[in-house]
Structure formats: structure tokens, C-alpha cells
Amino acid sequence: MVARRKVAVVGAALSDCGRVDDATPYALHAQAARRALADAGLDRTLVDGFASAGLGTLAPVEVAAYLGLRPTWVDSTSVGGSTWEVMAAHAAVAIATGRARAVLLVYGSTARADVRAGRRTGTLSFGTRGPLQFEVPYGHTLIAKYAMAARRHMIEYGTTIEQLAEVAVQARANAALNPEAMYRTPVTVDEVLAGPMIADPFTKLHCCVRSDGGAAVLLVAEEYVRDCRTSPVWVLGSGECVSHAAMSEWPDFTVSPAAVSGQLAFERAGVRPSEIDVAEIYDAFTYMTLVTLEDLGFCAKGEGGAFVEKGRLRVEGGELPVNTDGGGLSAQHPGMRGLFLLVEAVRQLRGECGQRQVRRGDGTLPRLAVASGTGGWFCSSGTVVLGAG
């Protein structure tokens with residue numbers, strides 16, 4: 001039996017993001033990976049674990065080959081936007097138990113450029129086979145699924161469309177502090193409500209942007225931390241959960257699988273939600289942020305609307321800064337965005353975020369962060385609790 005080792009994130013980076021018309025997804029993977037390794041100050045020869053999803057016929061084989069890696073531990077878990085939190089959990093266990101010494105997580109996508117160039121359509125389809133065959137004929141699109149869930153919450157708890165709009169307003173306020181965000185111009189609740197309807201009750205600004213971009217995170221065993229140029233960010237605890245395949249199998253539209261993954265992550269980390277300084281939450285739609293805040297325990301079930309409408313999510317003056325880079329609603333969203341949550345959480349804990357840097361009440365840097373990803377139509381969730389070194 002190998003003694004369990006502590007695991008730290010020592011490298012975190014983004015590729016070029018936003019509007020990238022002259023790169024392939026493979027190139028964005030490589031750019032993010034090189035930057036993460038440079039961020040850590042480690043050579044790629046140390047990497048013996050690799051995790052990737054969403055590209056190639058045999059992910060992560062093709063991406064690893066493109067990067068010149070020959071890993072002895074691999075993960076190709078694919079559960080949508082929560083993939084990367086789940087992969088980080090798997091990687092941490094592998095490192096802690098001696099199965100790997102350094103694991104690189106990498107993602108890259110040209111989702112925006114592909115639509116622009118006509119290489120794909122703007123409609124994301126998950127196919128019509130399996131359980132989906134009972135929903136697709138009725139026009140039950142991905143956006144419609146989230147819209148139905150949001151409407152259920154509004155009916156059950158009196159959540160208002162204005163409260164949901166506040167999520168978009170505060171995400172944009174945070175993006176205004178991020179020079180790399182795609183959209184930085186402030187918006188008002190009225191402007192969110194006045195936008196074109198996409199899927200009732202969601203207007204355009206309730207929905208995430210479409211961008212290009214990549215991200216990478218490097219996790220290592222504790223004995224390699226001393227060789228790194230960055231301060232370690234420790235993986236304190238994680239949890240994962242899958243909920244349902246079809247909407248008809250979802251017991252309660254107002255409860256996401258983050259209710260399970262979050263509880264597991266906090267229990268394993270030995271911390272309470274009230275101790276978290278910054279939260280990075282998957283936000284393909286405004287409702288995702290609101291309901292995940294409830295399910296992670298930052299407020300009671302049904303109180304998410306009242307929680308968000310008081311400006312609590314803002315970097316400037318917020319009680320719980322959420323999606324500090326602007327999130328998928330304003331910063332970037334190239335598809336499976338969960339890895340971007342981890343990058344931003346690490347940067348916040350290391351104090352590298354410039355104007356959008358979160359400070360605690362006493363002026364010190366944040367000590368604890370949570371990254372919680374959601375996949376599919378609330379089908380899966382992965383939550384990771386991180387602590388500053």
C-alpha cells in the first residue's frame with residue numbers, strides 16, 4: 001500500500017480565447033498545455049498522466065500524441081461541462097495513491113470559429129438515440145431543458161425573471177474587470193429582459209456566449225512542489241454525481257446533482273460553504289448559477305433569487321464573488337467550460353487576477369475556493385474544493 005500524498009495544482013493557463021479564427025482545436029490544446037507547464041516551471045518529461053475529452057476519435061490518445069506525450073495514466077471521462085472537475089478528482093486520487101506523479105488536464109475548442117466558417121451549425125445536437133428518442137421529436141433542445149427547469153423553480157419558489165437577470169448583470173460586471181473577457185460593457189436588468197427570446201424564460205443574455213479557447217491545469221504530487229515557480233494550490237476535496245438521462249427521470253427540476261457532489265466535496269475537504277472565499281460555477285445559463293448556489297449550500301433551497309439580487313456575486317463589494325472572470329455568460333464559453341473554472345480558481349488563490357482580484361474583508365488574498373461544473377442538462381456535476389498554499 002502506497003502512502004497517500006498531498007496533491008497540488010501548480011500550473012494553470014488559458015490559450016488564446018474569444019475570437020480565434022486562425023487556430024485548430026489541437027493548436028489551442030498545445031498552446032494551453034505549454035503555458036501551463038511554463039506557469040509551473042516544470043518540464044513535460046515529468047508528466048506521466050494525461051486527461052482530455054471532446055476532441056479526436058480516441059481522446060485522449062490523439063491529443064497526447066499531438067503534444068508529444070506518452071502517459072502511463074489516462075482519463076477520457078466525458079460528462080459535459082463537469083468533465084474537468086471529475087477528471088481533476090480522478091487525477092488527484094491517482095497521484096495521491098502513487099499511480100501518477102504529474103497529470104495534465106487539457107481542453108481546446110474552436111466552437112465559435114467553426115460556426116463562423118460553416119464547419120458546423122449553431123445548434124448543438126446530442127443525437128436521437130437512446131433515452132433522447134423520447135424527447136427530441138417534441139423539440140426538446142438543450143436550451144429548452146434548462147428553460148423548463150428555470151420555469152419550475154419560478155413556479156415553486158417565486159423566483160423572478162429579474163432575479164435571474166441579476167446573474168447576467170453581475171457576471172458582466174465581473175467581466176468588465178477582466179481584459180480578456182469577450183464582453184465587458186455593463187448591462188442592466190432591463191437590457192437583459194429586453195433581449196430576443198431564445199427559450200422562455202431565457203432571453204439572449206440569459207445564455208452563455210459562444211467562443212473559441214482552451215485551458216490546461218497541471219496537478220502534481222507534493223514532493224514536486226518545491227521545484228515549481230508558482231505557489232501550490234492544494235486539492236482539498238472533491239465529489240461527483242450523475243443524476244438522470246432523460247428529463248422525465250429527473251425527480252426534481254429544482255435540485256441539481258451539485259447537491260450531492262458539493263456535499264461530498266465539502267465533507268472530504270473538511271470545510272463549510274460559509275468558509276469559501278470565491279466560487280467558480282458553471283453558467284451556460286443564468287439558472288445554473290442560481291440553483292447551484294443553493295445546492296452547494298450557500299443559501300437555502302428556494303432562496304437563490306433573493307441571494308443573487310443583492311449583488312453578492314460581484315468581485316467589487318460582493319459577499320461571495322462568483323465567476324470572477326465573467327463566466328460563460330460574458331468571458332468565454334468554448335463548449336465544455338469546466339476547466340476554465342479551475343484555472344480561474346487557482347489564479348484567484350494565487351493572487352494573479354489584477355483588477356478582478358478578490359480580497360477578504362481584512363485585505364488578504366482568498367484562502368478557499370470551490371469550482372463546480374455541470375454537464376448535459378443538469379445530468380452530471382463535479383465539485384472541487386481548493387486551498388491556497
Side-chain angles (χ1 to χ4, degrees), residues 80-82 131 134-135 138-171 189-190 192-193 195 197-208 239 241-266 273-274 279 281-313 319-320 322-323 327-329 370 372-383:
S82 62
F134 302 109
E135 297 180 349
Y138 302 97
H140 209 189
T141 63
L142 177 70
I143 296 176
K145 295 173 192 286
Y146 280 100
M148 284 181 63
R151 182 62 72 184
R152 185 75 254 166
H153 198 281
M154 296 169 77
I155 292 171
E156 292 286 340
Y157 298 109
T159 306
T160 68
I161 192 62
E162 290 81 7
Q163 290 170 334
L164 287 171
E166 270 290 348
V167 176
V169 169
Q170 293 175 63
V189 168
D190 287 342
V192 176
L193 301 186
M197 183 62 67
I198 305 300
D200 189 22
F202 295 148
T203 55
K204 182 178 180 179
L205 293 180
H206 283 280
C207 308
C208 65
C241 177
V242 295
S243 177
H244 55 277
M247 295 289 282
S248 60
E249 298 170 353
W250 190 1
D252 188 341
F253 283 14
T254 70
V255 179
S256 79
V260 176
S261 70
Q263 181 177 352
L264 291 172
F266 286 127
S274 60
I281 293 174
Y282 208 93
D283 62 339
F285 306 98
T286 53
Y287 176 62
M288 297 175 75
T289 303
L290 185 147
V291 76
T292 304
L293 286 167
E294 293 180 347
D295 292 336
L296 292 179
F298 291 113
C299 60
K301 178 54 61 181
E303 296 181 2
F307 185 86
V308 302
E309 72 180 350
K310 299 184 184 301
R312 287 188 171 97
L313 315 186
E319 297 175 23
L320 177 69
V322 172
N323 296 337
L329 292 171
V370 63
S372 189
T374 302
W377 37 97
F378 281 120
C379 302
S380 65
S381 176
T383 303

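Hydrogens, waters and symmetry mates are skipped; everything else that's a heavy atom, side chains included, is used.
- Here the closest non-hydrogen pair linking Ile281 and Leu296 is CD1-CD1, 4.2 Å.
- Judged purely by atom type and a 3.5 angstrom limit, Trp377 uses its side chain to pair as donor or acceptor with the backbone of Ala245.
- Gly373 and Ser82 get closest at one heavy-atom pair: O-CB, 3.2 Å.
- A 4.5 Å side-chain heavy-atom check between Met154 and Ile161 finds at least one atom pair inside the cut-off.
- With ring centers used as reference points, Phe285 lies under 6.0 Å from Phe202.
- The aromatic rings of Phe298 and Phe266 stand perpendicular to each other, their planes meeting at an angle above 60°, with 30° marking the opposite boundary.
- Between Val242 and Ser380, the closest heavy-atom pair is CG1-CB, 4.0 Å.
- Counting heavy atoms from C-beta on, the side chains of Val308 and Val322 never come closer than 4.5 Å.
- Taking a 6.0 Å sphere around CD of Glu135, one finds it holds more than 12 heavy atoms contributed by other residues, nucleotides or ligands.
- For residues 281-291, the pairs satisfying side-chain hydrogen bond (donor to acceptor under 3.5 Å, both in side chains) are His206-Thr286, Tyr282-His333, Asp283-Asn323, with sequence neighbours left out.
- Interatomic distance, CD of Glu166 versus CG of Leu313, reported as 8.5 Å (0.5 Å rounding).
- With sequence neighbours left out, the salt bridge (charged side-chain N to carboxylate O under 4.0 Å, His left out) criterion links Asp252 to no other residue.
- Take Lys301 and apply the salt bridge (charged side-chain N to carboxylate O under 4.0 Å, His left out) test, not counting sequence neighbours, and it matches Glu294, Asp295.
- Not counting sequence neighbours, the partners of Glu156 by the salt bridge (charged side-chain N to carboxylate O under 4.0 Å, His left out) test are Arg152.
- Residues Ser243 and Ser256 have side chains not in contact (no heavy-atom distance under 4.5 Å, counting atoms from C-beta outward).
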Go through the steps to decide whether Val370 and Thr383 satisfy the test side-chain contact (heavy atoms from CB on, under 4.5 Å), and finish with yes or no.
-> CA-CA 7 Å; Val370 63; Thr383 303; 3.5 Å; yes
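- Heavy atoms only, all atoms of each residue included: Val192 and Ala168 are closest at CG2-CB, 4.1 Å.
- Lys145 and Met247 get closest at one heavy-atom pair: O-CE, 3.4 Å.
- In this structure, CG on Leu293 lies 9.5 Å from OG on Ser372, to the nearest 0.5 angstrom.
- Remark: the backbone N or O of Cys241 is not paired with any side-chain donor or acceptor of Ser261 at under 3.5 angstrom.
- Taking 4.5 Å as the limit, every side-chain heavy atom of Phe253 sits out of range of all side-chain heavy atoms of Ile155.
- Taking the ring-ring contact (aromatic ring centres under 6.0 Å, His included) definition, one finds that Phe307 meets it with nothing, sequence neighbours left out.
- Minimum interatomic distance between Ala165 and Leu193 (heavy atoms only, all atoms of both residues): CB-CD2, 4.0 Å.
- If you take OG1 on Thr374 and OH on Tyr146, they are separated by 6.0 Å, rounding to the nearest 0.5 Å.
- Partners of Thr159 according to the side-chain hydrogen bond (donor to acceptor under 3.5 Å, both in side chains) rule, which considers only residues two or more places apart in sequence or in another chain, are His153.
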